[in-house]
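Notes follow once the structure below has been shown.
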Amino acid sequence: MSLLLRLASPALPISHRLLCSSLPPTTFLANSLLFAASSPRCLPSALSLYSLLSLSSPMSSPPLLRPNAFTYPLLFRAAPPTVALALATHSVKFLGAHAASCDRVLGPCCLTIASCRRVFDRIACPDLPAWNALLSAYMRCASSAADAILELFSRMISLGTVRPNEITLVAVIGACGELGALGHGVWAHTYLVKRQLAINRIVTTALVEMYAGCGRLDLAEHVFATASDRDTRCYNAMLQGLAAHGHGRAALDLFDRMRGSGVPVDGVTILSVLCSCAHAELVDEGLEYFDKMEIEFGIEPRIEHYGCVVDMLSRAGRLDDAEKLIHEMPIVPNAAIYRSLIRACDIHGNLELGERMITELRQHDPDDSGNHVLIANLYARMNRWEEAKKTRKEMKSMGIDKSPGSSLLDMNGVLHEFLVGDKTHPASKEIYTMVEEIEARLSEHGHRSSTTSVLFDVEEEDKADTLTYHSERLAIPFALIASDPGTPIRIIKNLRVCADCHESAKLVSRVYGREIVMRDRTRFHHFREGECSCGDFW
DNA sequence: CTAGGGTTAG
């Protein structure tokens, strides 16, 4: 059939009708038609076919036709650059995370962000929508593309051919939030106000997310409180911000106000509420919302909701309840659920349960580097050194590598990046001198580095050294040297903070009288006067 | 005279 259609290009309207009438139509069939239509003269036909594809999915249920990895290359054959760019951004939207693997299969013709960029670069004088389409495509990119967005934006400004609007700024603000680049974010906010660009609820959401992501929950709340109108996603962003900062009570209050305001509650809302409860140890409240979410809000619990509740129970030490939920839940548990329970088994010292969960996790996700570290740490905790060593060897032989830890430091709008054991910073020498001074002063206050959390990240002989050189142990000294006394230190980490660095940051905040705001992979830590806002519960 | 935009646990 498909071959027939390829031959049928002169009779395109007929085959088009065939697609509409054939039961059931398939994407494969539609792609075959597109192939016929995608010679340059047939762009209108190709586009109408595409709209048929994209309109019938994924909103309609059941989705009949969904563009797939083969749809877009066919369209590109016919499209001029500006149309191709719009289509390319569509392809990123539809194919999402799959785009990267598609590019490998299909060759460098389209689909990934790289192909959007190639299409964009073919446009001689990009107009505003073209810039916006490209920036938005970067924003949706699975792999972090925040610096690319900021770089493109600064090129756009310096070229001066088009003026950014609020849609452009949404992409820029999103990038600032991801990087934790408070300085740039404030600049973008000021730009919006100065140019009198519309601050609608989409912009509001972006600003709330950016400020929360940069550790300025106060500014996020201010933007949220002064916004003229808010929808579900505005509320969700604010709730998520409160959750990440451990403000569980405030999140529950906001949730109550949301219900009072008539703005609809969705699955993401409930997820944020559950996450708030998990981070603030509000277990009873969390369980109550979880139990009634279906009856009271009409939202069926999904895997994320179960994951959040398992995490909440596990952190709180109710390991048996967490295990019970895993066994009773009507959905197949995923690797993340086992991981949060295993991490809790390590913390709460339930090694027997932890080992059982390791068996489950191994079946689910044998390749993930995080799993191996988790497993090795648990074995180390059990003093089962042979198994721990074996796990580490397995990692090596499988070529699995941990992603290197990094810390970003925002100082007066300038970003400084530090990696583990980094020696590339211009002020490296001063930093390492400071590292030693801090160690000395902390040990006067009774701090002694424990090596448990890094045991299996490094070879035995480097253990004590590497501890000192975790990326935040370089960023903090640099901030102490280079920023004004009394100003808060803001750090964005790519991984979770280890117990020892957490302890050390608490002491630095007291000994040096500095507030430290640290965003880690999962949440925020506000260190002040020797205490952390997470209450050592993370 | 449009295009182009926001939330999601571990």
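Letters A, B, ... mirror the listed sequences (proteins, then strands); counts begin at 1. As the structure is a prediction and not an experimental result, all values here were calculated from the model. What you see below is based on every heavy atom in this structure, not just the backbone, and it leaves out hydrogens, waters and symmetry mates.
Residue A:Val310 is out of contact with every strand shown, counting any heavy-atom pair closer than 4.0 Å. The residue A:Leu128 sits close to a base: some heavy atom pair falls under 4.0 Å. Across all strands, A:Arg201 comes closer than 4.0 Å to base atoms (heavy-atom distances).
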Show which side-chain atoms of residues 296-303 of chain A pair as donor or acceptor with protein atoms under 3.5 Å away, not counting sequence neighbours.
residue	atom	partner	partner atom	Å
A:Glu296	OE2	A:Arg259	NH2	2.6
A:Arg302	NE	A:Glu304	OE2	3.3
A:Arg302	NH2	A:Glu304	OE2	2.8

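Nearest nucleotide to the A:Thr205 side chain, out of B:dT8, B:dG4, B:dG6: B:dG6. Closest contact between the side chain of A:Arg233 and the listed nucleotides B:dA9, B:dT7, B:dG5 involves B:dT7. Each of B:dT8, B:dG5, B:dT7 was ranked by its minimum atom distance to the side chain of A:Met139; first place goes to B:dG5. Nearest nucleotide to the side chain of A:Ile202, out of B:dA9, B:dT7, B:dG5: B:dG5. Taking only side-chain atoms of A:Ser136, from C-beta outward, the nucleotide of B:dG5, B:dA9, B:dG6 with the closest atom is B:dG5. With B:dT7, B:dA9, B:dG5 as the candidates, the nucleotide lying closest to the side chain of A:Asn236 is B:dT7.
Going from atom CD of A:Glu178 over to atom C1' of B:dT7 covers 15 Å, rounded to whole Å. A:Arg302 has its CZ atom 13 Å from the C1' atom of B:dT7, to the nearest Å. One interatomic measurement links the two molecules: CZ of A:Arg496 to P of B:dA9, which rounds to 13 Å at whole-angstrom precision. The separation between A:Tyr289 atom OH and B:dA9 atom P is 19 Å, rounded to whole Å. B:dA9 atom P lies 17 Å from atom CZ of A:Phe290, rounded to whole Å. Put simply, NE2 on A:His305 is 13 Å from P on B:dT8, counting in whole angstrom units. Summarising the geometry, the separation between CD1 on A:Ile331 and P on B:dA9 is reported as 16 Å, rounded to the nearest angstrom. To the nearest angstrom, P of B:dT8 lies 12 Å from CD of A:Glu304.
DNA chain B is contacted by A:Val268, A:Leu271, A:Cys275 of residues 263-275 of chain A, taking any non-hydrogen atom closer than 4.0 Å.
Checked by atom type, the side-chain pair A:Asp311/A:Ser314 shows no donor-acceptor distance below 3.5 Å. Side-chain N/O atoms of A:Asn236 and A:Ser272 include no donor and acceptor closer than 3.5 Å.
Ion pairing between A:Lys324 and A:Asp320 fails under the 4.0 Å rule for side-chain N and carboxylate O. The pair A:Arg496-A:Asp520 does not count as a salt bridge, with every side-chain nitrogen at least 4.0 angstrom from each carboxylate oxygen.
The base of B:dG5 sits with one of its N or O atoms less than 3.5 Å from a complementary donor or acceptor on the side chain of A:Asn200.
When the shell of 6.0 Å around CD of A:Glu328 is examined, it contains more than 12 heavy atoms from other residues, nucleotides or ligands.
A:Arg216 meets the side-chain contact (heavy atoms from CB on, under 4.5 Å) test with A:Leu182, A:Tyr211, A:Asp218, A:Leu219, A:Arg490; sequence neighbours excluded.
With contacts defined as side-chain heavy-atom distances shorter than 4.5 Å, the pair A:His189/A:Ile173 does not qualify.
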